[in-house]
Amino acid sequence: MLKNTEIASFIDEEAIEAILAHEARKDAERVRDVLAKARQLDGLDTDEVAALTTVSDPELLGEMFETARYVKDQIYGRRVVLFAPLYISNLCSNECLYCAFRKTNKDVKRRALSQQEVAHETRILIDQGHKRVLLVAGESYPVEGFDYVLQSVATIYDTQNANGEIRRVNVNVAPLSTEEFRQLKAANIGTYQLFQETYHRETYAEVHVGGMKRDYNWRITAMDRAMQAGIDDVGIGILFGLFDYRFEILALMQHIRHLEKRFGIGPHTISVPRLEPALNANIAAHPPHPVSDVDFRKIVAILRLAVPYTGIIMSTRETPNIRRETFALGVSQISAGSRTNPGGYAEEEAYDCSQFSLGDHRPLDEVIRDVASLGYIPSFCTACYRLGRTGADFMDLAKPGKIKDHCDVNALSTFVEYLCDYASPETRSAGEQCVANALEGMTPERRNTAQALIGQVKAGRRDCYV
Ligand code: SAM
Ligand code: SF4
C-alpha cells in the first residue's frame with residue numbers, strides 16, 4: 001500500500017517553479033496558439049496553462065475571455081445549477097488562521113445542530129425551492145463522532161415538505177479514512193468536496209497552526225481515499241489569497257492529472273473561494289496574496305479552458321456583479337441565499353456564529369430572477385447522480401457532447417417546477433420568458449423532449465427528467 005507521503009509527491013513544487021519561470025515572458029503568438037488549442041475542447045497541458053497565467057495585456061485578456069465564453073457555451077450552454085450550503089456545526093479542533101471557526105476563537109458562538117434542527121433548516125431550504133444541499137461542518141463532531149455527519153445526511157434526505165425534497169446532498173467535511181468514505185458513499189452522497197486551501201507546503205504550514213489539518217499529506221491524499229472508497233464525484237478547490245495564484249493553478253493541474261492517471265477520472269468540480277473577512281481573522285481581512293477582480297476572472301477563464309468538462313462553482317462569497325461576469329467565463333454552479341452559520345436559515349445571518357462574511361445576500365428568488373433575466377437557465381437538475389451517471393460514466397457522455405441532450409431539457413423541467421411551486425410573480429414572468437427563449441433556440445428534437453417534460457410538470461408531476 002502506498003504511504004500518504006508517496007502519494008502526495010505528485011505536487012512537485014520545483015517543477016511548478018521551473019514551468020512558471022520558463023513561461024514567464026511568453027509572447028502573444030504563444031498565447032494565441034494556446035487559445036486556439038483550447039477551442040478544440042480537449043483541455044490544456046500544464047505549460048500551456050502557465051502561459052495563460054502570464055497574460056495581462058488587455059487585448060490578449062479579451063481574447064482569452066472570448067475563448068472561455070466560447071468553450072463554456074459549447075459545453076454547458078446557458079445552464080447554471082443552483083445549490084445552498086447547510087452548515088450543521090461550527091465546532092472545530094483546527095487552527096486555520098483565516099477561519100472564524102478555529103478552535104481558539106473564543107468570540108465565535110459554538111453550535112452543533114440537533115437532527116431536529118437539521119430537518120428544520122432542510123425544510124426551509126425546500127420551501128425556498130432548493131433541491132441540492134452542500135452539507136458543511138467544522139472538524140470536530142458532537143458525541144456521535146463521524147456518525148453525526150451520516151445521521152445529518154440521512155435527515156436531509158428523509159425530510160419532505162409540501163411538494164419538495166432535497167434530491168442531492170453533497171458534503172464538505174474534513175478528510176476521512178477510506179472506511180469512513182465508504183460509509184459516506186453508502187449514505188448516497190453526491191459529491192465529496194474538499195479544498196486543499198493552498199498547495200504550497202510552506203504557506204500551508206504557516207496558516208494551519210494546530211489540529212489534524214496541519215497534516216498536508218493527509219489532506220491532499222483525501223481524494224485518493226474517497227475514490228478508492230467508490231466516491232467518483234469529488235470536488236477540489238483553492239482558497240485564493242493565501243499564496244501566488246499562478247502557483248496554485250499549476251499545482252491544482254498536477255492534482256487533477258494525478259487523479260486522472262490513478263483513477264481514470266479527474267474531479268467533478270473545482271471551487272474558487274477567495275478569502276473573505278471572518279471574525280478575529282486578520283489574515284482573512286488582509287490576504288497575503290490578494291487576488292484582484294481582474295485576476296479572479298482570469299482564473300475562472302483559465303480553468304474553463306484547462307479542464308473544460310469539470311464544473312466550476314462560484315459561491316456567495318462573491319458579489320452579484322462578479323458572479324454575473326463569471327457565468328459567461330465558465331462558472332456552471334452557484335450557491336444562492338446562503339448562510340454560513342449553523343441554524344442560519346431558521347434564524348438570521350449572525351456574524352458571531354458565521355464562518356466568514358458574504359458578498360451576495362440576495363434570497364434565492366432574486367438570484368433566480370437575475371440569472372433568468374441575463375438569459376441563463378437556472379437548473380435544479382439532479383438526474384445524473386440519481387441515474388448513476390457519475391464519474392467516468394458522466395464524462396463518457398460529457399466529452400462527445402451528449403450530456404447536453406439530457407442537461408438542457410432537465411434544466412428546463414426543473415426550472416419550470418421551481419416557477420410553478422416557489423417563484424414570486426416577478427420571477428415567474430422573467431422565468432417564463434427565459435423558458436420560451438430557450439425552447440426557441442433548441443433543435444426540434446430536443447424541443448419536443450423538453451416540451452413533453454414541461455407538460456408533465458405543468459400537469460402536476462414532479463421530478464421529471466431524462
Ligand atoms: N472544516 C472543513 C475543512 O476545513 O475542510 C470543512 C469545510 S470548511 C467549513 C469550508 C471551507 O471554507 C474551507 O475549506 C475554506 O476554504 C473556506 N473558508 C474558511 N475560511 C474562509 C474565509 N475567511 N473566507 C473564505 N473562505 C473560507
Ligand atoms: Fe475548522 Fe475548516 Fe475553519 Fe479550518 S476551515 S478552522 S478546519 S472549519
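Atoms within a ligand are numbered from 1 in the order they appear, just like the ligands themselves. Computed from a predicted structure; not experimentally measured.
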Check your understanding: Is there a side-chain contact between Arg323 and Val367, using heavy atoms and a 4.5 Å cut-off?
Key -> yes
**Study point:** atom 7 (C) of ligand 1 - nearest protein heavy atom and its distance
**Key:** Asn172 OD1, 3.0 Å
Point to revise | Centroid separation Phe415 to Phe380 less than 6.0 Å | key: no
**Study point:** Parallel, tilted or perpendicular: rings of Tyr204 and His208 (30°, 60°)
**Key:** tilted
Exercise for review: Go through ligand 1 atom by atom and flag the ones less than 4.0 Å from a non-hydrogen atom of Leu194.
Suggested key: 5 (O)
**Study point:** Top protein contact for atom 25 (C) of ligand 1, by heavy-atom distance
**Key:** Arg317 NE, 3.2 Å
**Study point:** Residue-atom pairs from the protein, N, O or S only, that lie under 2.8 Å from atom 1 (Fe) of ligand 2
**Key:** Cys92 SG
Check your understanding: Which ligand 1 atoms are under 4.0 Å away from a heavy-atom of Ala278?
Key -> 23 (N)
Practice item. May I ask you to decide whether Arg123 forms a salt bridge with Asp127, counting only side-chain N to carboxylate O separations under 4.0 Å? Key: no
Check your understanding: Is the shortest side-chain N to carboxylate O distance from Glu180 to Arg225 below 4.0 Å?
Key -> no
Study note, to complete from the structure: The closest protein heavy-atom partner of atom 24 (N) of ligand 1 is Glu276 N, 2.9 Å
Practice item. Identify which of Arg219, Lys213, Glu197, Glu139 has a heavy atom lying nearest to atom 5 (O) of ligand 1. Key: Arg219
Review point. Are the aromatic rings of His130 and Phe83 close, with centres under 6.0 Å apart?
Key: no
Practice item. Specify the protein heavy atom at minimum distance from atom 21 (C) of ligand 1: its residue, its atom name, and the distance to 0.1 Å. Key: Phe356 CD2, 3.5 Å
Exercise for review: Provide the full list of ring pair (Phe, Tyr, Trp, His ring centres under 6.0 Å) pairs with a residue in residues 320-343, sequence neighbours left out, each pair given once.
Suggested key: Phe327-Tyr376
**Study point:** Whether Ala281 lies under 4.0 Å from ligand 1, heavy atom
**Key:** no
Study note, to complete from the structure: Near Gln355 (heavy-atom distance under 4.0 Å), the atoms of ligand 2 are 3 (Fe), 5 (S)
Practice item. Among all protein heavy atoms, pick out the one at the shortest distance from atom 20 (N) of ligand 1; state its residue, atom name and that distance to 0.1 Å. Key: Tyr98 CD1, 3.4 Å
Review point. Nearest to atom 6 (C) of ligand 1 by heavy atom, Cys92, Pro277, Ala137, Ala222: which?
Key: Ala137
Point to revise | Arg167/Glu165 salt bridge by N-O under 4.0 Å criterion | key: yes
Practice item. Report the part of His208 (side chain from C-beta onward, or backbone N, CA, C, O) that has a heavy atom under 4.0 Å from ligand 2; answer both or neither where that applies. Key: neither
Point to revise | Heavy-atom gap Gly241 to ligand 1 smaller than 4.0 Å | key: no
Output a table of donor-acceptor pairs, distance under 3.5 Å, between side-chain atoms of residues 10-22 and any protein atom two or more places apart or on a different chain; print 'none' if there are none.
{"residue": "Asp12", "atom": "OD1", "partner": "Glu14", "partner atom": "N", "Å": "3.3"}
{"residue": "Asp12", "atom": "OD1", "partner": "Ala15", "partner atom": "N", "Å": "3.1"}
{"residue": "Glu13", "atom": "OE2", "partner": "Arg201", "partner atom": "N", "Å": "2.9"}

Exercise for review: Scan side-chain atoms only and decide if Thr382 and Arg168 contain a donor-acceptor pair under the 3.5 Å cut-off.
Suggested key: no
Review point. Could Glu179 and Arg182 be called an ion pair, given the rule that one side-chain N must be under 4.0 Å from one carboxylate O?
Key: yes
Review point. Evaluating non-hydrogen atoms only, which member of Gln196, Gln355, Gln193, His208 is closest to atom 12 (O) of ligand 1?
Key: Gln355
Check your understanding: Is the distance between the ring centroids of Tyr199 and Phe247 under 6.0 Å?
Key -> no
Point to revise | With sequence neighbours excluded, residues passing side-chain contact (heavy atoms from CB on, under 4.5 Å) with Ala411 | key: Arg79, Ile377, Ser379
